[in-house]
Structure formats: C-alpha cells, structure tokens
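First up is the structure itself, then whatever we jot down about it.
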There are 2 protein chains.
Amino acid sequence: MRKKVKLSLIENATTRRKTFLKRKEGLLKKVDELATLCDVKACAVVYSPYQSTPEVWPSREGVEEVVSNFMECSVRERTKNMVDQETFVRQSIAKENEHLNKLREENRNSQIKEFMFGCLEGKMEAHHLDGRDKRDLKSFVDKYLNVITHKIEILTKNGESSSSLPPLIADAAAPINLNQNPNVEEHEDILSMENNHQEPVTARLAALTIADADVSAPNNTKKL
Amino acid sequence: MRKKVKLSLIENATTRRKTFLKRKEGLLKKVDELATLCDVKACAVVYSPYQSTPEVWPSREGVEEVVSNFMECSVRERTKNMVDQETFVRQSIAKENEHLNKLREENRNSQIKEFMFGCLEGKMEAHHLDGRDKRDLKSFVDKYLNVITHKIEILTKNGESSSSLPPLIADAAAPINLNQNPNVEEHEDILSMENNHQEPVTARLAALTIADADVSAPNNTKKL
DNA sequence: CTGTCTATAATTAGCGG
DNA sequence: ACCGCTAATTATAGACA
C-alpha cells in the first residue's frame with residue numbers, strides 16, 4: 001500500500017530528486033491554472049540544486065513584472081498580506097488538529113452507537129464503562145429517544161387526523177422483536193433515521209437508560 | 001456529477017473569487033511542501049484584484065532572497081531554463097493529445113475484443129466492417145492465436161517431459177464447447193490470459209479469421 | 001460573503017520496464 | 001536515469017448553512 005509521505009526532508013537523494021521533478025511540474029501547472037481561471041498575475045520561482053538557473057513561471061518577463069510590482073510596495077505594504085513559513089505551518093497544524101478532533105468525535109460517536117445497539121442484542125457484558133462513557137451513552141440514548149418520541153407523536157397525530165395513511169409505526173408498547181435480522185452491521189445515523197430500527201426499539205432503550213450515568217469524577221481515559 | 005472545469009477564465013465573478021481563494025491556498029501549500037520535502041528555495045507571488053498587496057510565500061525576506069538570486073543571473077542565464085506560458089500550454093496540449101490517443105487506442109482494442117468474442121457467440125451479423133476494421137480484427141485474432149499456440153506448446157512440452165503435472169489445457173483438436181457460460185461480460189486481457197477461455201476457443205478462432213481482411217483502400221472511418 | 005461537507009477530479013508515491 | 005502505470009492520497013467544484 002502506498003504510504004502517506006511524511007512532510008519532512010526526503011532522505012534518499014534519488015527519491016528526493018524524483019519527487020522534486022514531479023512536484024515542480026505539478027506546481028507550475030497549478031500556477032498556470034490559477035492564472036488562467038482567475039485572471040490574476042502570478043509567478044513562481046524555484047531554485048534547485050538540480051539546475052543551475054532557477055526555474056520560473058510564466059516567463060522571465062512575467063516574473064520580473066510581478067516581482068517589480070511587489071518590490072515597489074513600501075515595506076509596510078509588503079508585509080501586510082505576508083505569510084511567513086512558520087505562521088503558515090502553525091496554521092496548517094492547527095487546522096489538522098481541528099480535523100483530528102472532529103474525527104475523534106465521530107469515532108467516539110460510532111463506538112457509542114455500536115455499543116448501544118450491541119446492548120439491544122444482549123451483548124452488554126463485554127465492556128467496562130467509566131463515568132464519561134456512561135454520561136455520553138446516556139446523552140446519546142436520550143437524544144435517540146427524543147427523536148423517536150417526536151416521530152411517534154407526529155405519526156400518531158397523522159394517524160388520528162387522517163385515516164387514509166395507515167400508521168407506519170408500531171405502538172411503543174407493542175411487544176419487542178428485534179432479532180429478526182440478527183447481524184445488522186450498519187446502524188443508521190440518528191439524525192437521518194428513516195424507518196428501520198426505531199419502532200420496536202423504544203421500550204428497550206428506555207429500560208436501558210443507564211441508571212448511574214451521573215457524576216463520577218471526570219475521567220478522560222478513552223476505552224469504552 | 002461534479003463537472004471537470006474548463007481551463008479558461010471563469011465568467012461568474014463570485015465563483016471566480018471562490019476558486020481563487022481555494023486554489024491560492026492549495027498552491028501555497030504545494031510550495032511549502034515542495035520546499036520542505038526537497039530542500040529547495042522557492043517562492044510564489046500572487047497578485048490579485050482581491051487584495052491590495054500581492055500575497056507571497058514563504059515570507060517577504062524569502063521572496064526577496066530568491067528573487068534577487070534570480071535577478072543576479074545574466075539575461076542569457078535567466079532565459080535558459082525558462083518556460084514561457086505559451087510553450088508551457090503547448091506542451092500541456094501535446095501531452096493531453098498523447099493521452100487522448102492512448103485512450104482511443106484502448107477503446108478501439110476493447111471494441112475489437114468485444115466484437116471478436118461476440119462472434120464466438122454467434123452475434124456476427126450486427127456489424128459492418130470496413131477495410132481497416134477487418135485488418136485490425138485480423139491482426140488481433142492473429143495475436144490472440146499466437147499467444148494461445150504458444151501456451152499450448154509450452155504446456156504440451158511440460159505434459160510430455162513431466163507427467164507429474166496433469167495437462168491443464170484441452171487438446172486444440174478437442175470438440176468445442178463454448179456456450180457453457182453464455183453471458184460472459186468481461187474477457188481477460190490477451191496478454192494476461194490465465195486459464196479461462198482460451199483452450200476450446202482455438203479452433204473456432206482459426207475458422208473465424210477473416211477471409212478478406214486484406215487490402216481495401218485504407219479507410220479511416222471509425223465505426224466497427 | 002465565509003465556512004463546512006462530500007463526491008469527484010487531479011496529483012503523485014512506489015513500482016517495474 | 002527516465003518513463004508509464006496504478007493505487008492511493010490530496011485538491012477542489014458545487015451544494016448547502
């Protein structure tokens with residue numbers, strides 16, 4: 001499997017040169033596209049140990065024009081929209097961290113959902129929940145129940161006001177029969193629940209609501 | 001389906017601005033990566049109507065350093081590795097055309113293969129072949145037959161010299177029975193034929209070889 | 001307009017010739 | 001070294017908030 005390259009100096013000289021040539025190509029293409037699509041003046045200068053003279057885009061004159069315009073600004077002006085490399089990298093890192101946190105969030109949510117549905121199939125014993133897990137699970141179950149309750153209300157009202165649509169949903173007190181499809185791999189997202197699991201699940205969910213999901217000392221250990 | 005953007009000035013100003021912002025980001029990131037991965041000095045200057053001062057990477061000093069190095073070269077030197085935009089675009093077009101031709105080639109090959117296998121299932125009547133089609137089909141069939149013949153030779157020799165491996169392939173003179181799997185969708189590539197179709201097909205293919213695949217006036221019409 | 005999301009297009013790392 | 005290929009990563013167009 002192709003590995004995701006680490007963003008740091010490529011040690012192997014052959015590889016480094018190859019990468020350089022490929023990426024320089026790509027870069028010049030990007031500059032060209034940017035200029036063409038958006039009608040802006042731009043230039044790039046790349047100064048490598050592989051060629052005695054720097055390579056530039058779009059042409060010597062083009063570079064000189066852009067650069068002289070740049071040089072004409074006062075230093076104050078020049079500095080205004082400037083991104084120095086350190087700031088740039090810091091910003092990139094910040095962005096990546098944000099993204100990472102989002103992924104962690106998603107991941108945790110999936111685990112909780114997985115666990116919740118696992119419980120409904122009676123596989124509760126395998127996990128040890130700490131305080132945070134319990135709190136999050138409770139809030140997840142609550143959210144789920146709210147959605148279901150809301151749906152039931154809507155549909156009940158519809159069923160009463162207009163008998164033309166047959167009630168789509170079983171009464172919440174109806175007997176529960178979950179295991180008809182015992183190996184469900186994907187559980188639908190709670191916010192986009194269509195019409196699969198939610199009806200007969202209700203009562204069980206309510207029963208499942210964790211009794212002591214309260215206030216143990218906050219504990220950030222991630223295991224769930 | 002997201003459409004492949006046409007490489008020309010974006011008419012809609014809002015879209016153009018959005019594209020500009022996104023692509024400028026991407027571009028600066030690429031410059032950063034190139035410099036980091038390959039340890040080269042590089043800079044980019046983008047001069048847009050959206051900001052009063054040009055945006056640069058990696059920093060004012062960085063740009064000035066790279067640019068002054070550039071300016072120090074004699075004009076002759078400067079011009080050496082220069083790519084002016086016109087040449088650049090011409091090269092891009094040439095490359096794209098090459099690619100296009102390769103795709104045409106592939107496409108034609110697929111059609112011929114498709115047709116050949118179609119014939120083996122008796123669906124020959126639907127097509128009208130011109131001279132070129134016939135020639136290409138003949139050469140395709142010949143190639144195919146060569147591969148098969150070669151395989152048979154190899155395997156026959158193996159079978160004789162060492163009876164430990166049972167012959168994997170039927171004798172070419174054996175009765176033909178193609179239609180056991182009548183709706184084959186994918187035919188394996190002729191160069192990587194493993195062990196599916198080729199054996200019983202041989203004799204039929206030979207019989208199919210187009211009688212008059214010869215020398216009608218060259219005709220470039222593409223229909224097959 | 002500015003930002004987020006997602007499906008698709010584009011780039012490119014690693015490999016084999 | 002340089003090409004071409006393909007599978008993987010990355011960029012981004014377009015839709016939406």
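Below, chains carry the letters A, B, ... as their sequence lines are ordered, and counting in each starts from 1.
One finds no side-chain N or O of Lys3(B) lying less than 4.0 angstrom from the OP1 or OP2 phosphate oxygen of dA13(D).
Two end axes, each from the C1' atoms of five base pairs, can be drawn for the helix from dT2(C)-dA17(D) to dG17(C)-dC2(D); they diverge by 30°, to 10 degrees.
Counting any heavy atom pair closer than 4.0 Å across all strands shown, Lys4(B) reaches sugar-phosphate atoms only and no base atom.
The backbone N or O of Phe88(B) lies less than 3.5 Å from a partner atom in the side chain of Ser92(B), making a donor-acceptor pair. Side chain of Arg23(A) to backbone of Leu34(B): no donor-acceptor contact under 3.5 angstrom is found.
Toward the 5' end of DNA chain C, the nearer of the two residues Leu27(A) and Leu21(B), judged by each one's closest nucleotide, is Leu21(B).
Of all the residues in residues 92-103 of chain A, not one reaches under 4.0 Å from DNA chain D with any non-hydrogen atom. If you check residues 11-19 of chain B against DNA chain D, the residues with a heavy atom closer than 4.0 Å are Lys18(B), Thr19(B), listed by number.
For DNA chain C, the outermost nucleotides in 5' to 3' order that have an atom under 4.0 Å from a heavy atom of chain B are dC1(C) to dT12(C).
For Glu105(A), the salt bridge (charged side-chain N to carboxylate O under 4.0 Å, His left out) criterion is met by no residue, not counting sequence neighbours. Looking at residues two or more places apart in sequence or on another chain, you find no salt bridge (charged side-chain N to carboxylate O under 4.0 Å, His left out) involving Asp32(B).
Rounded to an integer number of Å, the gap from CD of Glu33(A) to C1' of dA13(D) is 13 Å.
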